Amino acid sequence: MTGQTVLSTHRLPQPYRALLMVFWLLPIVLIIGTILIVKGMSAAFFDPRFLLMLVLLALPALYIWQEGVDVLEEGIRTRIYVPRYYSYSALKAWHLGEQAQKRVLTIWDDAGRTVLQCHAAHLTEFARLKETLQQRVIVNNGLH
């Protein structure tokens, strides 16, 4: 897996991803701003407990920024919950469910486990991801 070229990257569309990051980082800005207004610059800003709290508050924003799917030469890397790599040979089937107002992509591995399940609208360049799956993962029956 290491050293593979990323052929395409599929993330939440930019405006939504940026707005979600702002939403998650806003409490940090409010906390620091409130402290600055009430007490001014303080040594408390450098307290490890305070810095740890700020880092913990920033984790969801970092997660949202990197979440998505990377298409590599020999497989895909999902960055949803925990980053994982799946070679194309380990992928058994995929299906794009066309339901009212939503298209849900589901990919299964050889053991029948769901590798990825997401709404098509949640990924950029979705047509390119679908095209790659059509070329590299033979079965498109969606039967689990």
Side-chain angles (χ1 to χ4, degrees), residues 1-88 90-137 139-140 142 144:
M1 180 191 95
T2 58
Q4 289 188 50
T5 304
V6 176
L7 302 176
S8 62
T9 301
H10 309 277
R11 305 272 187 263
L12 189 63
Q14 180 58 27
Y16 302 110
R17 193 164 49 136
L19 286 173
L20 283 170
M21 279 196 60
V22 167
F23 173 75
W24 281 104
L25 294 175
L26 189 59
I28 296 172
V29 172
L30 291 174
I31 290 168
I32 292 173
T34 303
I35 293 171
L36 284 173
I37 290 169
V38 173
K39 295 192 177 209
M41 191 62 183
S42 168
F45 283 117
F46 304 105
D47 185 333
R49 294 170 293 182
F50 180 70
L51 294 174
L52 178 63
M53 178 189 69
L54 295 182
V55 168
L56 289 176
L57 284 172
L59 286 179
L62 296 173
Y63 168 76
I64 286 168
W65 189 256
Q66 64 87 35
E67 181 183 45
V69 178
D70 295 332
V71 175
L72 306 172
E73 296 169 330
E74 300 297 324
I76 63 173
R77 180 185 311 126
T78 61
R79 294 179 185 268
I80 298 174
Y81 306 120
V82 176
R84 292 193 175 114
Y85 171 79
Y86 300 95
S87 68
Y88 292 119
L91 300 177
K92 175 183 174 186
W94 66 277
H95 176 70
L96 180 60
E98 303 279 347
Q99 300 164 354
Q101 303 271 328
K102 60 182 176 179
R103 298 169 28 193
V104 178
L105 172 68
T106 307
I107 303 173
W108 294 279
D109 66 5
D110 284 336
R113 294 181 301 248
T114 302
V115 168
L116 175 68
Q117 186 169 31
C118 63
H119 292 270
H122 292 179
L123 295 176
T124 56
E125 298 184 57
F126 183 77
R128 190 169 179 188
L129 175 61
K130 182 180 169 186
E131 180 182 309
T132 302
L133 290 172
Q134 286 172 337
Q135 293 172 356
R136 308 275 178 121
V137 181
V139 181
N140 180 14
H144 185 57

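Side-chain atoms are counted along with the backbone in the values below, which use heavy atoms only and exclude waters and symmetry mates. Just so it is clear, the structure is predicted and the values come from calculations on it, not from any experiment.
- Note: W24 CH2 to L59 CG = 10.5 Å, rounded to the nearest 0.5 Å.
- Each of R103, H119, E131 was compared with F126 under the side chain to side chain contact (heavy atoms under 4.5 Å, CB included) criterion, and only R103 meets it.
- In this structure, CG on L56 lies 4.5 Å from CG on L52, to the nearest 0.5 angstrom.
- Of all heavy-atom pairs between R113 and D109, the closest is N-OD1, 2.8 Å.
- Side chains of I107 and T78 form no contact here, defined as non-hydrogen atoms less than 4.5 Å apart.
- Listed by chain and residue number, D70 satisfy the salt bridge (charged side-chain N to carboxylate O under 4.0 Å, His left out) test with R11 (two or more places apart in sequence, or in another chain).
- Across every non-hydrogen atom of L105 and W94, the tightest pair is CD1-CE3, 3.8 Å.
- Taking all atoms of both residues into account, the shortest heavy-atom contact from L7 to R128 is O-NH2, 3.1 Å.
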Q: Report the C-alpha separation of Y88 and L72 in whole Å, then their side-chain angles, then the decisive distance to 0.1 Å, and conclude whether the side chain to side chain contact (heavy atoms under 4.5 Å, CB included) test is met.
A: CA-CA 10 Å; Y88 292 119; L72 306 172; 5.7 Å; no
Q: Determine, stepwise, if the pair I76 / R136 fulfils side chain to side chain contact (heavy atoms under 4.5 Å, CB included).
A: CA-CA 10 Å; I76 63 173; R136 308 275 178 121; over 6 Å; no
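- Atom CG of L123 sits about 6.5 Å away from atom CD1 of I80, to the nearest 0.5 Å.
- Residues L116 and Y86 fail the side-chain proximity criterion, which asks for heavy atoms closer than 4.5 Å.
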Q. Can L54 and I32 be said to form a side chain to side chain contact (heavy atoms under 4.5 Å, CB included), step by step?
A. CA-CA 9 Å; L54 295 182; I32 292 173; 4.0 Å; yes
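- The minimum heavy-atom distance linking T124 with P13 is given by the pair CG2-CA, 3.6 Å.
- Ring orientation note: the planes of Y81 and Y63 are close to parallel, at an angle under 30° on the 30°/60° scale.
- At most 12 non-hydrogen atoms from other residues, nucleotides or ligands lie less than 6.0 angstrom from OH of Y16.
- Atoms CG and CE, on L36 and M41 in that order, are 7.0 Å from each other to the nearest 0.5 Å.
- With a 4.5 Å cut-off on side-chain heavy atoms, E74 and Y85 count as touching.
- One finds the CG atom of L20 at 4.5 Å from the CD1 atom of I64 (value rounded to the nearest 0.5 Å).
- Between the side chain of R79 and the main chain of W65, no donor-acceptor pair closer than 3.5 Å is present.
- Not one N or O on the side chain of E67 forms a donor-acceptor pair closer than 3.5 Å with the backbone of L12.
- Across every non-hydrogen atom of Q66 and P83, the tightest pair is OE1-CG, 4.5 Å.
- Side-chain atoms of H10 come within 3.5 Å of backbone N or O of E125 as a donor-acceptor pair.
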